[in-house]
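Here's the structure we're looking at; comments come further down.
Sequence lines set the chain letters: A, B, ... in the order given, protein chains first and strands last, and positions in each chain run from 1.
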Number of protein chains: 2
Amino acid sequence: MPSEVALKHFVLNGGKEFLSHISIDSVVFGFHDNQLKVLLLKMNSSEFWGLPGGFVRKEETVEQAAMRILKERTGIEEIFLHQFGVFSDPARSNPFLQRKMFTDKGVEIDEGNWALQRFISIGFFALVEFSQVIPKSDIFSDECFWVNLEDANNLMMDHETILGKALDALRLQLSYQPVGYNLLPEKFTMPELQRLYETILGHPLDRRNFQRKMLSYNILIKLNERREGVAHKAPSLFKFDLERYSQALKEGL
Amino acid sequence: MPSEVALKHFVLNGGKEFLSHISIDSVVFGFHDNQLKVLLLKMNSSEFWGLPGGFVRKEETVEQAAMRILKERTGIEEIFLHQFGVFSDPARSNPFLQRKMFTDKGVEIDEGNWALQRFISIGFFALVEFSQVIPKSDIFSDECFWVNLEDANNLMMDHETILGKALDALRLQLSYQPVGYNLLPEKFTMPELQRLYETILGHPLDRRNFQRKMLSYNILIKLNERREGVAHKAPSLFKFDLERYSQALKEGL
DNA sequence: TCAAAAGTGTTCTAACTACACCCATGG
DNA sequence: CCATGGGTGTAGTTAGAACACTTTTGA
């Protein structure tokens, strides 16, 4: 029976032919000083930077893994996460450089070790409130920093591609779901929200049309307070109406 | 040096803690008799149906793997594919049922065999021209059939979830990219294109507005031919302007 | 008192919706 | 000859874009 033979071959040899390893890479966006920032790690004894990432435990989903990994890097428990792509080019990692990362730290690793194989990486983007993040490096990196989006270059492997796709996904999300609750402090002004949108989209927006549009979504609550101690006319503060905001997240705008 | 110890532990034990297996599941959509259809496999000695799927070889990307797998299932070389999600619930497969699938075919498999572990599945949807498909089952299945979308139930594992998400992704795509070239024969009428859109969206559209909108995209070429031998007024035939169509795929509508 | 940013309203345009009449064809 | 579906045009509505003046405040 040919199918039985094929099944047997699959059970016995499939592991060698098919086993792929999986990892997670996350693009963490923050907003500060009117700039969109990305959390990066300075890789061990290397000129390269990398995205926060890690591996999936056997008992968790990829979302849980991303959440766990980002809690370790940022200190934030409940992080806004969105899966946006899979990166699986067999040449995405360079086994020579991979191995160097270990040997430079005095860790011997054989050529056949699992950690040097091709990893298929699941890409997530995360939105966090800049001021709440306490960056912490991992075992592969010396330091963990916020970097301005435009300065995020010299990234390892295909992390520049991943970052680019994350930005595309964020822009797409902006067009049919609200963004902001996860990136801004609790109270914010309309101009601040507008800067955020402009920064993500990469082009200026009309002040009046922007305000009208935002208000029409009914996800904002205008507070009876103004931003104090600021030059020129004091702008009103707003906060998000959480119930309507999360409804808009589900149903779209 | 703590990071060295951690790195060593990672290299030696990470394989046990972290190694996840990866698979591919594809939702193949076809259109026939004014009905949206999905290609399903009747699983070996089981009441369940499954999506066409498979595993990723070490030297290929997930897209190449999906392409290869679907060529085997459909006979089509160049298939339109889109990756839309990752399915990784540790409970998505039932090891008992998985094992039964092998033992029922007379293939012994130990409990620890790789094929019984949790697989993280990458979801793709594919659009194919119904008449060009020659369905062919795989080693896990007895038969391969087209099934109407609404009759696609009794699916194994989380394949109903995957199918639902694929449909969401297809609907989303419909809203900002053209769909149709991959699902319709070379020549088609405007009402046929409209049925396709209505079937995917699940609601009727206005004939006149639909036609105007489609024509405004400039991706159609009106032919000097009409559909022959049909009841009532013979509708005009169209074909896609391939150059503009693929441009619209890239840039959106 | 002036420069710079906030707050607000109107007009124009383009896209979408709703809707009706005539035409061609097979039964 | 009539029922059915195809082909086309128009008016009304709505969302978005463009744009200018007044108000507030710190320097």
Side-chain angles (χ1 to χ4, degrees), chain A residues 33-35 171-172 174-180 184-185 187-239 248 251-253, chain B residues 33-35 171-172 174-178 180 184-185 187-199 201-239 248 251-253:
Chain A
D33 280 342
N34 283 343
Q35 299 252 256
R171 284 178 179 157
L172 185 64
L174 207 62
S175 69
Y176 64 97
Q177 284 185 325
V179 163
L184 292 172
K187 298 174 181 181
F188 52 88
T189 67
M190 191 62 79
E192 282 162 7
L193 183 61
Q194 186 179 340
R195 291 312 156 256
L196 172 62
Y197 270 68
E198 289 176 333
T199 310
I200 293 174
L201 293 173
H203 60 82
L205 299 167
D206 183 274
R207 218 154 45 86
R208 297 151 286 194
N209 294 336
F210 179 80
Q211 174 148 161
R212 187 183 13 235
K213 195 167 183 179
M214 278 299 143
L215 292 176
S216 77
Y217 294 150
N218 281 320
I219 55 173
L220 293 177
I221 296 170
K222 186 169 184 169
L223 302 172
N224 282 325
E225 297 174 66
R226 287 162 181 277
R227 171 77 73 223
E228 306 283 319
V230 75
H232 318 300
K233 185 167 179 176
S236 294
L237 287 168
F238 291 83
K239 65 174 184 179
E251 299 168 16
L253 290 170
Chain B
D33 280 343
N34 284 344
Q35 298 250 259
R171 285 178 179 158
L172 185 64
L174 207 62
S175 68
Y176 65 98
Q177 284 187 324
L184 293 172
K187 298 174 182 184
F188 52 89
T189 68
M190 192 61 79
E192 283 161 5
L193 183 61
Q194 186 178 342
R195 294 307 159 260
L196 172 62
Y197 270 68
E198 290 177 331
T199 311
L201 293 173
H203 60 81
L205 298 167
D206 183 274
R207 216 156 48 85
R208 297 150 285 192
N209 296 334
F210 179 80
Q211 172 146 168
R212 186 183 10 227
K213 195 166 181 179
M214 278 298 142
L215 292 176
S216 76
Y217 294 150
N218 281 319
I219 56 172
L220 293 176
I221 296 170
K222 187 168 184 167
L223 302 170
N224 283 325
E225 299 175 62
R226 288 161 181 278
R227 170 79 71 224
E228 306 282 319
V230 77
H232 319 298
K233 185 169 180 176
S236 295
L237 288 169
F238 292 82
K239 65 174 183 178
E251 299 169 17
L253 291 170

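Across all strands shown, B/Ser216 has no heavy atoms under 4.0 Å from either base or sugar-phosphate atoms.
You'll find that the side chain of B/Pro235 is closest to D/dG6, out of C/dA20, D/dG6, C/dT25. Each of C/dA6, D/dT10, C/dG9 was ranked by its minimum atom distance to the side chain of B/Arg212; first place goes to D/dT10. Here C/dG7 is the nucleotide among C/dG7, D/dG9, D/dG7 with the atom lying nearest to any side-chain atom of A/Pro191. Of the candidate nucleotides D/dA17, C/dA3, D/dG7, D/dA17 has the atom lying nearest to any side-chain atom of A/Asn209. Side-chain proximity of B/Lys222 to the nucleotides D/dA3, D/dT8, D/dC19 is greatest for D/dT8.
Using a 4.5 Å cut-off on side-chain heavy atoms (C-beta onward), B/Thr199 and B/Gln35 make no contact. No side-chain heavy atom of B/Met214 sits less than 4.5 Å from a side-chain heavy atom of B/Phe238.
Comparing A/Ala234 and B/Arg226 along DNA chain D, the residue whose closest nucleotide (by nearest heavy atom) sits nearer the 5' end is B/Arg226. The residue among A/Tyr217 and A/Lys233 whose nearest nucleotide of DNA chain D lies closer to the 5′ end is A/Tyr217.
In this structure, A/Arg207 atom CZ and C/dA4 atom C1' are separated by 11 Å, rounded to whole Å. In this structure, A/Tyr197 atom OH and D/dG16 atom P are separated by 13 Å, rounded to whole Å. D/dA15 atom P lies 15 Å from atom CG of A/Leu215, rounded to whole Å. Atom CG of B/Leu193 is separated from atom P of D/dG6 by 13 Å (rounded to the nearest Å). Put simply, CZ on A/Phe210 is 13 Å from P on C/dG7, counting in whole angstrom units. As rounded to whole Å, 17 Å separates atom C1' of D/dG6 from atom CE of B/Met214. Rounded to whole Å, the distance from CD on A/Glu192 to P on C/dG7 is 11 Å. Between the P atom of D/dT10 and the CG atom of B/Asp206 lies a distance of 16 Å, rounded to the nearest Å.
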Report the C-alpha distance between A/Arg171 and A/Ile200 in whole Å, list the side-chain angles of each, state the deciding distance to 0.1 Å, and finish with yes or no for side-chain contact (heavy atoms from CB on, under 4.5 Å). CA-CA 7 Å; A/Arg171 284 178 179 157; A/Ile200 293 174; 4.0 Å; yes
Evaluate A/Gln211 against A/Leu215 for side-chain contact (heavy atoms from CB on, under 4.5 Å), listing each step before the verdict. CA-CA 6 Å; A/Gln211 174 148 161; A/Leu215 292 176; 3.8 Å; yes
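Within 3.5 Å, no donor on the side chain of A/Arg208 pairs with an acceptor on the base of D/dA17, nor the reverse. Remark: the A/Arg227 side chain and the D/dT24 base include no donor-acceptor N/O pair separated by less than 3.5 Å.
Between A/Thr189 and the phosphate of C/dA6, there is no side-chain N or O to OP1/OP2 separation shorter than 4.0 Å.
For A/Arg195 and A/Glu192, the salt-bridge test fails: no basic side-chain N is under 4.0 Å from an acidic carboxylate O.
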